[in-house]
S.K.: 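The structure follows.
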Amino acid sequence: MEAHILTFLSTVLLLIISHFTQPLAAATATTPNAYTTFIRTSCANTTYPSLCSKTLSPYAADVKSNPLRLCNAALSVSLASAINASATVSKFSLQKGILPRDATAIKDCIENIGDSVDELKQSLKAMSSIGRNANKQFQMANVKTWTSAAITDANTCTDGLAGTKVSAGVKSNIRSVIKSFIRVTSNALFLINHLNY
Ligand SMILES: *[C@@H]1O[C@H](CO)[C@@H](O)[C@H](O)[C@H]1NC(C)=O
Ligand SMILES: *[C@@H]1O[C@H](CO)[C@@H](O)[C@H](O)[C@H]1NC(C)=O
């Protein structure tokens, strides 16, 4: 009987404690940093919102609530991803026993990604001139053109591999890095297209 009452009392006590502590704990755990919220909100309508938030959150302190800086960060993420993709694809070109035709397809792909890298650098350059350039509209159009071209070139790489005998494993590895690159770059393009400047 006494044990019962004790169990009952401790359950009540636990309920009371959890009633008072839980909302507080939840509130502290989810209290969003204003700058992280800005990124999440800006990313909400992109094609890959969670990827957008994940890749841009590390720039929150730098971006603050500035949409232009957010676009800059998005392009930097994109450039890093293109460089990474290029390094990954280059690794596969060094494989032994690869057919000459397939080696050519991989070489073309490396060239395509190299073009994407250059185009993103141009895009970042045009973007950085917007703050001080009188001809904002012209520079913004350049940013859009370079960024779209970077996506097109990456797609050319994957299309070029499609008809080859490159092993399924290599194809899937290349497709995977190119896909991540295209995704972050599509997000960047969305943010750029929705920038009020
Ligand atoms: C996202 O889309 C919704 C619905 O069209 C719109 O109300 C909202 O303002 C958009 N958010 C951003 C950050 O553009
Ligand atoms: C770079 O590519 C590898 C796959 O080769 C991937 O696992 C990694 O997440 C990529 N890093 C970035 C920053 O994109």
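First listed ligand is number 1; within each ligand, the first listed atom is number 1.
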S.K.: So which protein heavy atom does atom 5 (O) of ligand 1 come closest to, and at what separation?
M.R.: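 Closest protein heavy atom to atom 5 (O) of ligand 1: Asn45 ND2, 4.8 Å.
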S.K.: List the atom of Gln139, the atom of Ile130, and the distance in Å for their closest heavy-atom pair.
M.R.: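 Smallest heavy-atom distance, with atoms named: CB-CG1, 3.7 Å.
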S.K.: Whether the side chain of Thr147 engages the backbone of Lys144 through a donor-acceptor N/O pair (distance < 3.5 Å, no angle test) should be reported.
M.R.: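 Flag not set: sc Thr147 to bb Lys144 has no pair under 3.5 Å.
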S.K.: If you count the atoms of ligand 1 from 1 in the order shown, which ones are under 4.0 Å from a heavy atom of Thr41?
M.R.: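 Atoms satisfying the 4.0 Å criterion: 13 (C).
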S.K.: Quick check on atom 9 (O) of ligand 1 - does any protein heavy atom sit closer than 4.0 Å to it?
M.R.: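 It does not; no protein heavy atom is within 4.0 Å.
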S.K.: With side chains defined as the heavy atoms from C-beta onward, is the minimum distance between Leu195 and Met140 less than 4.5 Å?
M.R.: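 Side chain of Leu195 against side chain of Met140, heavy atoms only: contact under 4.5 Å found.
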S.K.: As a test of the contact definition, would atom 2 (O) of ligand 1 count as having a protein heavy-atom neighbour under 4.0 Å?
M.R.: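 Yes, there is a protein heavy atom closer to it than 4.0 Å.
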S.K.: Check whether any side-chain heavy atom of Ile174 sits under 4.5 Å from a side-chain heavy atom of Cys109, and report yes or no.
M.R.: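 A side-chain contact exists here, since the closest heavy-atom pair is under 4.5 Å.
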